[in-house]
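Excluded from the calculations below are hydrogen atoms, water molecules and symmetry mates; all remaining heavy atoms, backbone and side chain alike, are included.
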Amino acid sequence: MGSQMAIIGAGSVGSSIAFACLMRSVVSELLINDFNTKVCEGQVLDLQDAAFVSSTKVRVGTAAECGQADIIVITAGARQKPGESRDQLVLRNEEILRSVLEGLQPIKKTAILMLVANPVNVLTCMAQKLSGLPPHQVIGTGTYLDSVRFRVAVKDCLKVSETSVHAYIVGDHGDKQVAIWSSASIGGKPILAFEEIKKMDRAAEAAKVAHKAYSIIDLKGATAFGIAAVVSEVALCITLNKLSVVPLSTYCDRFDACLSFPVSLGTNGVESIVYPDMDEHELALVEESAVATRHACRNYRN
């Protein structure tokens with residue numbers, strides 16, 4: 001029997017994720033679900049036109065069917081309105097997430113639930129509590145895309161492939177994210193030992209990484225392609241049991257909060273968390289992020 005992925009939300013992010021997964025034949029079957037049935041049907045018909053280059057089948061899935069998928073990706077969530085606080089956004093997204101998860105019940109016991117909507121750490125915390133799944137089976141896309149952007153910035157500076165750059169953004173996906181410079185490396189050599197990196201305005205470069213999404217949103221209204229590529233790669237890690245180490249939102253005992261850190265990811269979800277070595281400044285910033293996340297999740301922690 002083949003693997004099945006359900007995508008909840010057929011907007012720009014959900015449809016881009018579906019397309020990326022379709023192009024890479026990540027699973028045998030893709031199920032798309034959205035409260036706007038007309039748009040959902042249209043996206044599926046469009047995706048089916050592209051399926052001739054893939055071994056993946058695409059169709060509309062009911063909420064009950066989606067709850068039985070091997071991988072369930074939730075993109076449905078509210079966007080932050082002008083003047084709206086983070087807490088207000090959390091409250092609106094709580095209602096959406098609760099409604100989605102109720103519709104998916106009973107959720108397959110071995111399913112991996114992946115949160116894409118923001119604030120991703122907080123929603124991951126909520127989903128761990130509300131879904132009924134073990135914490136290691138509930139993940140968020142976290143700082144994966146931020147880490148990709150970080151590596152590209154280092155690559156551009158040092159003229160090496162980004163896949164050769166071992167560096168992570170951790171903590172929060174957003175303004176509180178933390179670039180880990182102290183233990184980043186290339187070919188076993190610390191990147192802080194490179195003269196080009198020593199001369200770089202590292203704070204400014206980290207700020208560019210943190211704010212790239214805002215630039216994209218200002219120009220075209222939303223980000224979609226980068227996160228779609230991330231989800232397709234995460235899904236491959238799960239379906240192929242690759243046990244790749246990638247930065248995702250999960251519950252971290254060390255900080256008693258859902259934060260994004262490198263994890264070993266496979267068919268069973270998070271196998272282990274790999275905490276990179278951090279200097280005092282980096283650790284203090286992560287602690288700040290943990291405090292904020294714990295506060296936002298105060299009603300959802302076990």
Side-chain angles (χ1 to χ4, degrees), residues 5-24 26-27 30-48 50 56 58-61 63 66 69 71-81 84 89-90 92-97 99-101 103-104 112-124 126-127 138-149 172-174 177 210-238 246-249 260:
M5 174 192 271
I7 299 173
I8 312 302
S12 59
V13 173
S15 58
S16 295
I17 289 171
F19 184 72
C21 291
L22 182 66
M23 290 298 98
R24 302 181 73 185
V26 168
V27 290
L30 275 173
L31 304 180
I32 317 294
N33 178 275
D34 196 289
F35 72 93
N36 188 330
T37 56
K38 184 177 179 181
V39 168
C40 188
E41 289 172 8
Q43 295 284 30
V44 166
L45 289 172
D46 200 6
L47 286 162
Q48 287 173 342
T56 298
V58 189
R59 66 178 176 88
V60 173
C66 289
I71 303 171
I72 305 169
V73 180
I74 299 180
T75 71
R79 292 185 183 180
Q80 195 162 0
K81 297 176 181 178
E84 184 177 31
L89 179 63
V90 168
R92 288 202 295 134
N93 271 332
E94 176 199 342
E95 295 174 7
I96 293 170
L97 183 59
S99 174
V100 167
L101 290 173
L104 294 173
I112 306 298
L113 186 63
M114 191 187 324
L115 281 297
V116 179
N118 287 311
V120 67
N121 285 343
V122 178
L123 293 185
T124 301
M126 288 182 184
V138 182
I139 57 176
T141 46
T143 56
Y144 196 144
L145 182 54
D146 304 293
S147 295
V148 169
R149 292 166 176 162
D172 186 40
H173 169 60
Q177 65 183 234
H211 292 93
K212 184 174 182 182
Y214 296 131
S215 300
I216 296 171
I217 291 167
D218 286 344
L219 291 166
K220 58 172 280 188
T223 60
F225 298 137
I227 195 63
V230 161
V231 172
S232 72
E233 185 59 31
V234 171
L236 274 176
C237 288
I238 296 167
V246 291
L248 298 172
S249 296
S260 184

Atom pairs and distances, side-chain donor-acceptor, residues 139-149, under 3.5 Å, sequence neighbours left out:
unit_1	atom_1	unit_2	atom_2	d
T143	OG1	I169	O	2.6
T143	OG1	S260	OG	2.7
D146	OD1	Q177	NE2	3.2
D146	OD2	H173	ND1	2.6
S147	OG	T143	O	2.9
S147	OG	I169	N	3.0
S147	OG	I169	O	3.3

Which donor-acceptor pairs under 3.5 Å do the side chains of residues 34-42 make with protein atoms, sequence neighbours left out?
unit_1	atom_1	unit_2	atom_2	d
D34	OD1	N36	N	2.8
D34	OD2	A10	N	2.7
N36	OD1	K38	N	3.4
N36	OD1	V39	N	3.1

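- Contact of the I74 side chain with the L101 side chain is registered, since non-hydrogen atoms from C-beta on lie closer than 4.5 Å.
- Every residue meeting the side-chain hydrogen bond (donor to acceptor under 3.5 Å, both in side chains) condition with S249, not counting sequence neighbours, appears here in chain and number order: N121.
- N33 and C66 make their closest contact through CB-SG, 3.7 Å (heavy atoms, listed as atom of the first residue, atom of the second, distance).
- Side-chain contact check for L104 versus I72: some heavy-atom pair is nearer than 4.5 Å.
- To the nearest 0.5 Å, atoms CD1 (I7) and CD1 (I71) are separated by 10.0 Å.
- S16 places a side-chain N or O within 3.5 Å of a backbone atom of S12 that can act as its donor or acceptor partner.
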For residues 218-238, which side-chain donor-acceptor pairs fall under 3.5 Å, sequence neighbours excluded?
unit_1	atom_1	unit_2	atom_2	d
S232	OG	R24	NH1	3.0
S232	OG	A229	O	2.7
E233	OE1	R24	NH1	3.2
E233	OE1	R24	NH2	2.9
E233	OE2	K242	NZ	2.9

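- With contacts defined as side-chain heavy-atom distances shorter than 4.5 Å, the pair L115/L97 qualifies.
- Between Q48 atom CD and T56 atom OG1 the span is 12.5 Å, to the nearest 0.5 Å.
- Annotation: the span from I96 atom CD1 to L123 atom CG amounts to 9.0 Å, rounded to 0.5 Å.
- For T75 (side chain) and V116 (main-chain N/O), no donor-acceptor pair under 3.5 Å exists by modelled atom type.
- With rounding to the nearest 0.5 Å, the separation of CD1 in I217 from NE2 in H211 is 11.5 Å.
- Applying the salt bridge (charged side-chain N to carboxylate O under 4.0 Å, His left out) test to residues at least two apart or on different chains, none of the pairs has a partner in residues 221-231.
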